[in-house]
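In what follows, a single structure is set out as structure tokens and then discussed.
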Amino acid sequence: MNIKKKGEKKDKFKKNHPKMMSRQAFLCSLGSLYLSLLFVFLLMDVCARPANNSVLRDEKELLPPDHLNGVKMEMDGHLNKEFHQEVFLGKDRDEFEEDSEPRRNRRKLMVIFSKVDINNDKKISAKEMQRWIMEKTDEHFQEAVEENKMHFRAVDPDGDGHVSWDEYRIKFLASKGFNEKEIAEKIKNNEELKIDEETQEVLDNLKDRWYQADNPPPDLLLSEQEFLSFLHPEHSRGMLHFMVQEIIRDLDQDGDKKLTLSEFISLPVGTVENQQAQDIDDDWVRDRRKEFQEVIDANHDGIVTMEELEEYMDPMNEHNALNEARQMIAVADENQDHHLELEEILKYSEYFTGSKLMDYARNVHEEF
């Protein structure tokens with residue numbers, strides 16, 4: 001938390017004012033008050049500060065996130081609907097809000113356009129977009145690394161640079177409302193933990209992931225780097241393989257460890273109660289069918305193998321980044337020259353930023 005200091009108001013004192021204390025007496029009094037307050041604040045800080053100087057805000061910090069920035073498919077097998085915006089805007093994504101000032105957003109888009117357009121020819125090629133996608137993906141990676149440092153400190157109570165499964169389990173259950181001291185004591189004495197079935201199932205899945213993140217030689221102790229693989233499997237090739245196995249397991253209906261189109265589009269998407277819900281379901285199926293046939297199924301044989309899915313899931317795959325760049329260009333390439341001009345990006349701003357810019361054509365000339 002950033003604490004901003006308020007500006008100090010300077011009082012004016014007249015030397016010979018009969019009702020005012022002397023300047024020297026006032027400064028001495030002020031100095032004594034300052035020292036007293038400083039001592040109190042320091043004492044409060046020492047008492048309130050946890051041993052590892054980190055506090056868990058909620059259980060989400062302890063769980064591998066369902067949503068991975070810069071990855072095309074979620075860990076539950078759903079397509080990442082925000083992927084295009086994540087790899088086009090990077091850290092600037094939060095600044096493009098639906099209700100924000102359109103003129104300000106146009107200027108931001110122009111700045112981004114100039115950064116992508118390396119050769120300054122006023123057009124974005126597939127190669128330029130590919131480079132940009134890779135750069136923004138790496139940006140998401142670095143953000144995950146920084147967050148992981150904070151989360152690792154929170155679950156490493158003794159600060160020895162390693163986290164045991166028991167240490168993690170205690171912190172996780174505490175975040176779920178269990179008494180941390182009681183849980184720690186029971187685990188220490190190998191006593192049975194009275195946990196509801198749902199929480200136990202989550203713990204079992206997390207333990208499998210913990211084993212996978214534990215690099216050889218396995219010791220069930222995760223270093224900071226291994227803990228990063230645990231929370232963000234996209235950072236590790238081995239964990240990426242494990243994530244693909246989980247997705248295949250959830251979608252594969254006949255147990256052949258491969259996916260057909262019908263298996264890929266058969267995820268339950270909710271009960272259809274009206275025409276609007278039906279349209280949402282239809283859009284969902286159409287998007288998945290297109291992604292399966294045009295992107296994931298690399299050899300177009302109607303079957304997606306684990307190898308194909310792993311290549312598709314790898315966010316740092318340059319070939320995938322180039323394909324994605326071409327797809328993004330095709331969405332807004334109205335003159336069909338296989339490049340993107342600024343006017344085209346502004347017109348299709350909702351696809352790239354999630355924010356629709358009105359009167360883009362008139363306003364872009366005003367900006368110029």
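As the structure is a computational prediction, the values presented were derived from the model and not from experiment.
- Gln200 and Asp196 are not linked by any side-chain donor-acceptor pair at a separation below 3.5 angstrom, with hydrogens and angles left out of the test.
- In this pair, Phe88 and Phe352 present their aromatic rings tilted. The plane angle is within the 30 to 60° band.
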TODO: With side-chain hydrogen bond (donor to acceptor under 3.5 Å, both in side chains) as the test, would you mind laying out the steps for Asp117 and Ser114 before giving the verdict?
DONE: CA-CA 5 Å; Asp117 179 26; Ser114 65; over 6 Å; no

- [ ] In sequence, state the C-alpha distance, the side-chain angles, and the governing distance for Glu263 and Lys258, and then conclude on salt bridge (Lys or Arg N to Asp or Glu O under 4.0 Å).
- [x] CA-CA 9 Å; Glu263 287 173 330; Lys258 299 176 183 178; over 6 Å; no

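- In terms of heavy atoms, Asn80 sits closest to Val71 at ND2-O, 2.8 Å.
- For Glu185, the side chain to side chain donor-acceptor pair (under 3.5 Å) criterion is met by Asn189, not counting sequence neighbours.
- Looking at Gln85 and Thr353, their side chains never bring a donor and an acceptor atom within 3.5 Å of each other.
- Note: Phe230 and Tyr168 have perpendicular aromatic rings, judged against thresholds of 30 and 60 degrees for the angle between ring planes.
- A 4.5 Å side-chain heavy-atom check between Phe172 and Val155 finds every atom pair outside the cut-off.
- No hydrogens or angles considered: a donor-acceptor pair under 3.5 Å links the side chains of Asn69 and His67.
- If you check the side chains of Glu167 and His162, you find no donor sitting under 3.5 Å from an acceptor.
- Shown here are the side chain to side chain donor-acceptor pair (under 3.5 Å) partners of Lys207, two or more places apart in sequence or in another chain: there are none.
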